Amino acid sequence: MRLRSVVGWISVGATLLSGAGLEARERPSSEVTGWVSAVLAKIDMVERGPAPAGRKRGRRTVVVRVQIAADGFVNRVEVERSSGVPDLDERARSRVRAAGPFGPPPAPLLTPAGTTELSFPLQVQR
């Protein structure tokens with residue numbers, strides 16, 4: 001995952017997905033971008049696992065949507081755009097679950113229900 005290249009649009013996307021606080025035209029605060037960066041870094045640090053035997057090495061991208069509760073625990077992980085390989089999609093979901101819990105989301109990202117959602121691409125080793 002190219003952390004620096006995706007943090008900006010993810011934090012804006014997270015703000016829009018959350019439906020709370022910030023207007024779409026506002027620049028996210030350093031608290032918001034810092035929290036999103038920490039979430040992505042923690043997911044990226046989770047062991048990606050060995051490539052399945054008999055397959056070419058390479059990477060596939062899975063776009064996941066993650067719902068995170070106010071306490072930082074992962075409520076839900078869904079595949080928004082599949083890699084085309086069900087096993088890789090499941091590994092992407094498992095990586096996100098294994099990375100949690102995260103720090104509590106900043107208040108501007110929380111919905112009235114007390115959750116926030118992030119949608120981002122995740123590279124998975126083939």
Side-chain angles (χ1 to χ4, degrees):
M1 178 186 315
R2 290 187 188 112
L3 190 58
R4 288 184 181 199
S5 65
V6 296
V7 167
W9 75 264
I10 290 173
S11 61
V12 171
T15 301
L16 296 174
L17 288 171
S18 73
L22 301 176
E23 294 294 321
R25 297 176 210 261
E26 289 182 35
R27 184 180 190 129
S29 69
S30 59
E31 178 187 27
V32 168
T33 57
W35 180 80
V36 171
S37 294
V39 167
L40 295 175
K42 196 168 179 187
I43 292 168
D44 199 42
M45 291 177 63
V46 172
E47 179 60 43
R48 293 181 182 155
R55 291 202 181 154
K56 278 181 155 180
R57 289 192 155 251
R59 292 181 184 207
R60 290 279 181 115
T61 301
V62 179
V63 177
V64 294
R65 179 181 292 251
V66 182
Q67 184 184 70
I68 301 172
D71 60 4
F73 282 85
V74 175
N75 286 347
R76 185 176 66 239
V77 181
E78 299 173 350
V79 172
E80 278 193 332
R81 190 175 70 223
S82 174
S83 66
V85 180
D87 289 345
L88 295 181
D89 294 349
E90 182 53 37
R91 285 199 331 201
R93 284 191 296 265
S94 294
R95 276 181 61 196
V96 173
R97 282 189 223 103
F102 304 103
L109 293 182
L110 292 173
T111 66
T115 63
T116 191
E117 289 190 13
L118 301 175
S119 177
F120 53 90
L122 189 60
Q123 296 277 318
V124 184
Q125 208 54 24
R126 286 187 65 169

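Computed from a prediction, not measured in an experiment: that's the story for all the values here. Values below: every heavy atom of this structure, side chains too, minus hydrogens, waters and symmetry copies.
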Tightest non-hydrogen contact, residues A69 and T115, listed as CA-CG2, 4.2 Å
Heavy-atom closest pair, residues F120 and I43: CZ-CD1, 3.5 Å
State yes or no: do V85 and V62 share one hydrophobic cluster built from I, L, V, M, F, W and Y residues joined by side-chain heavy-atom distances below 4.5 Å, directly or via other members? yes
L109-V77 co-clustered via ILVMFWY side chain contacts under 4.5 Å: yes
On a heavy-atom basis, the closest approach of P105 and A70 is CD-O, 3.5 Å
Going from CG on L122 to CZ on R91, what distance comes out if it is rounded to the nearest 0.5 angstrom? 10.5 Å
Can you tell me how far CD of E80 sits from CZ of R65, rounded to the nearest 0.5 angstrom? 4.0 Å
Distance-minimising heavy-atom pair for G84 and D89: N-OD1, 4.3 Å
Heavy atoms, side chains only, cut-off 4.5 Å: are L118 and F102 in contact? no
Looking only at heavy atoms, what is the nearest atom pair of T116 and L110, with distance? N-CD2, 4.4 Å
V79 and I68: same hydrophobic cluster, using ILVMFWY side-chain contacts below 4.5 Å? yes
Please check: side-chain N/O of S83 versus main-chain N/O of R60, any donor-acceptor pairing under 3.5 Å? no
For a quick test of reading the model, state the closest non-hydrogen atom pair linking G100 to V74 and the distance between them. CA-CG2, 4.3 Å
Quick check for you: to the nearest 0.5 Å, what is the distance between E117 atom CD and R76 atom CZ? 5.0 Å
In terms of heavy-atom contacts, does CZ of R97 have more than 12 from other residues, nucleotides or ligands at under 6.0 Å? yes
Would you say that R95 contacts D44 through its side chain, given a criterion of any heavy-atom pair below 4.5 Å between the two side chains? yes
Measure the CG-CZ distance between L88 and R93 for me, rounded to the nearest 0.5 Å. 11.0 Å
